[in-house]
Amino acid sequence: MGVRKVLIGQFEHTIDAKGRINFPAKFREDMGDRFILTKGLDNCIAVYSLEEWGRWEEKLRSLPDSKSRQLKRFFFASATDVEPDKQGRILIPAVLREYAGLEKDVVVIGASDRAEIWDAGRWAADNEDLTSDQMAELMDSLNF
């Protein structure tokens, strides 16, 4: 496996009538020609490079089925392989758009080992309530 890319940044886009968004060029460069979309936590869409998806899959496979079957169902049943078109657009399947509440305005963020696609309103609301003190407390709890 190659050098791991760290995905950073935030990009605002609009979904077109066919359910496509222009996926950020920077992320396309880092993730390659094809990548995986699936349900993410917090009602967003998680976007993995094929390499990172392979790592994720191996982690889940290494767990006993009794502990991982629900995770496997959640992530794999909704997963789809996408390839940007010549304009850099990707089609987000209806099931994923519905899960994430995507209708028009979206935010694509870098989240270290993956990108995430959020409804812009939900992204703003989730971040509105975060405080520096909460982040410091979380960092302390992780011994960061």
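All heavy atoms count here, side chains included; hydrogens, waters and symmetry mates do not. None of the values given here were measured: they were computed from a predicted structure.
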Engineer: Does any N or O in the side chain of Ser68 come within less than 3.5 Å of the main-chain N or O of Leu71, such that one atom is a donor and the other an acceptor?
Structural biologist: no
Engineer: Would you say the side chain of Ser78 lies within less than 4.5 Å of the side chain of Leu96, judging by non-hydrogen atoms?
Structural biologist: yes
Engineer: Taking a hydrophobic cluster as the set of Ile, Leu, Val, Met, Phe, Trp and Tyr residues connected by side-chain heavy atoms closer than 4.5 Å, whether directly or through intermediates, do Leu63 and Leu41 fall within one such cluster?
Structural biologist: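 Yes.
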Engineer: Please round to the nearest 0.5 Å and tell me the distance separating atom NZ of Lys72 and atom NZ of Lys67.
Structural biologist: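 Nearest 0.5 Å value for the NZ-NZ distance: 13.0 Å.
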Engineer: Measuring from Glu83:CD to Arg28:CZ, what's the distance to the nearest 0.5 Å?
Structural biologist: 12.0 Å
Engineer: More than 12 non-hydrogen atoms from neighbouring residues, nucleotides or ligands closer than 6.0 Å to CD on Gln70, yes or no?
Structural biologist: no
Engineer: What heavy-atom pair brings His13 and Pro24 nearest, and what distance separates the two atoms?
Structural biologist: NE2-CG, 3.8 Å
Engineer: Honestly curious: do Val108 and Ile8 fall in one hydrophobic cluster under the side-chain, below-4.5 Å linking rule?
Structural biologist: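 Each belongs to a different hydrophobic cluster.
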Engineer: What heavy-atom pair brings Arg97 and Gly19 nearest, and what distance separates the two atoms?
Structural biologist: NH1-CA, 3.5 Å
Engineer: Run the side chain to side chain contact (heavy atoms under 4.5 Å, CB included) test on Asp42 and Trp118 for me, step by step, so that the C-alpha distance in whole Å, both residues' side-chain angles and the decisive distance to 0.1 Å come before the verdict.
Structural biologist: CA-CA 9 Å; Asp42 302 315; Trp118 287 78; 3.6 Å; yes
Engineer: Should we say atom CD of Glu103 is surrounded by more than 12 heavy atoms from elsewhere, each under 6.0 Å from it?
Structural biologist: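 No - once you tally the heavy atoms of other residues, nucleotides and ligands closer than 6.0 Å, there are 12 at most.
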Engineer: I need the single residue from Val106, Ile45, Val82 that forms a side-chain contact (heavy atoms from CB on, under 4.5 Å) with Ile92. Which is it?
Structural biologist: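 Of the listed options, the one satisfying the test is Ile45.
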Engineer: I need the minimum non-hydrogen distance between Leu37 and Pro93, along with the two atoms involved.
Structural biologist: CD1-CD, 4.1 Å
Engineer: Answer yes when Asp16 and Arg20 have at least one side-chain N-carboxylate O distance shorter than 4.0 Å, and no when they do not.
Structural biologist: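 Between Arg20 and Asp16 there is a salt bridge, with a charged N closer than 4.0 Å to a carboxylate O.
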Engineer: Should we say atom NZ of Lys104 is surrounded by more than 12 heavy atoms from elsewhere, each under 6.0 Å from it?
Structural biologist: no
Engineer: Verify, without hydrogens or angle tests, whether Asp105 (side chain) and Asp119 (backbone) share a donor-acceptor contact under 3.5 angstrom.
Structural biologist: no
Engineer: Just wondering, do Glu51 and Asp113 contact through their side chains at under 4.5 Å, heavy atoms?
Structural biologist: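 A side-chain contact under 4.5 Å is absent here.
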Engineer: What's the spacing between Asp140 CG and Glu137 CD if we round to 0.5 Å?
Structural biologist: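 So the gap between those two atoms works out to 8.0 Å.
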Engineer: Would Leu102 and Val47 show up in the same hydrophobic cluster when neighbours are defined by side-chain heavy atoms closer than 4.5 Å?
Structural biologist: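 Same hydrophobic cluster.
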Engineer: Looking only at atom types and distance, does a side-chain atom of Tyr99 sit under 3.5 Å from a main-chain N or O of Thr38, one as donor and one as acceptor?
Structural biologist: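 Answer holds: no.
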Engineer: Assess the pair Phe27 and Phe35: is the distance between their ring centroids shorter than 6.0 Å?
Structural biologist: no
Engineer: Charged N to carboxylate O under 4.0 angstrom, Arg55 versus Glu52?
Structural biologist: yes
Engineer: So, are Asp126 and Arg122 salt-bridged, with charged N and O less than 4.0 Å apart?
Structural biologist: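 A salt bridge is absent here (no side-chain N lies under 4.0 Å from a carboxylate O).
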Engineer: Answer yes if the ring centres of Phe76 and Trp53 are under 6.0 angstrom apart, and no otherwise.
Structural biologist: yes
Engineer: To check you understand the geometry: which heavy-atom pair defines the closest contact between Ile36 and Ala79, and what is its length?
Structural biologist: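 Looking at all heavy atoms of both residues, the closest pair is CG2-CB, 4.1 Å.
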Engineer: Answer with yes or no whether the hydrophobic clustering places Ile90 together with Leu50; edges join I, L, V, M, F, W, Y residues whose side-chain heavy atoms lie under 4.5 Å apart.
Structural biologist: no
Engineer: Any chain of hydrophobic side-chain contacts (each under 4.5 Å) joining Leu91 to Tyr48?
Structural biologist: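 No, Leu91 does not connect to Tyr48 through the hydrophobic network.
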Engineer: Can a donor-acceptor pair be found, under 3.5 Å and without considering hydrogens, that links the side chain of Arg34 to the backbone of Asp81?
Structural biologist: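 Such a contact is absent between Arg34 side chain and Asp81 backbone.
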Engineer: Do Phe23 and Met31 pass the side chain to side chain contact (heavy atoms under 4.5 Å, CB included) test, and can you show the C-alpha distance, the side-chain angles, and the key distance before you say yes or no?
Structural biologist: CA-CA 11 Å; Phe23 199 71; Met31 297 181 89; 3.9 Å; yes
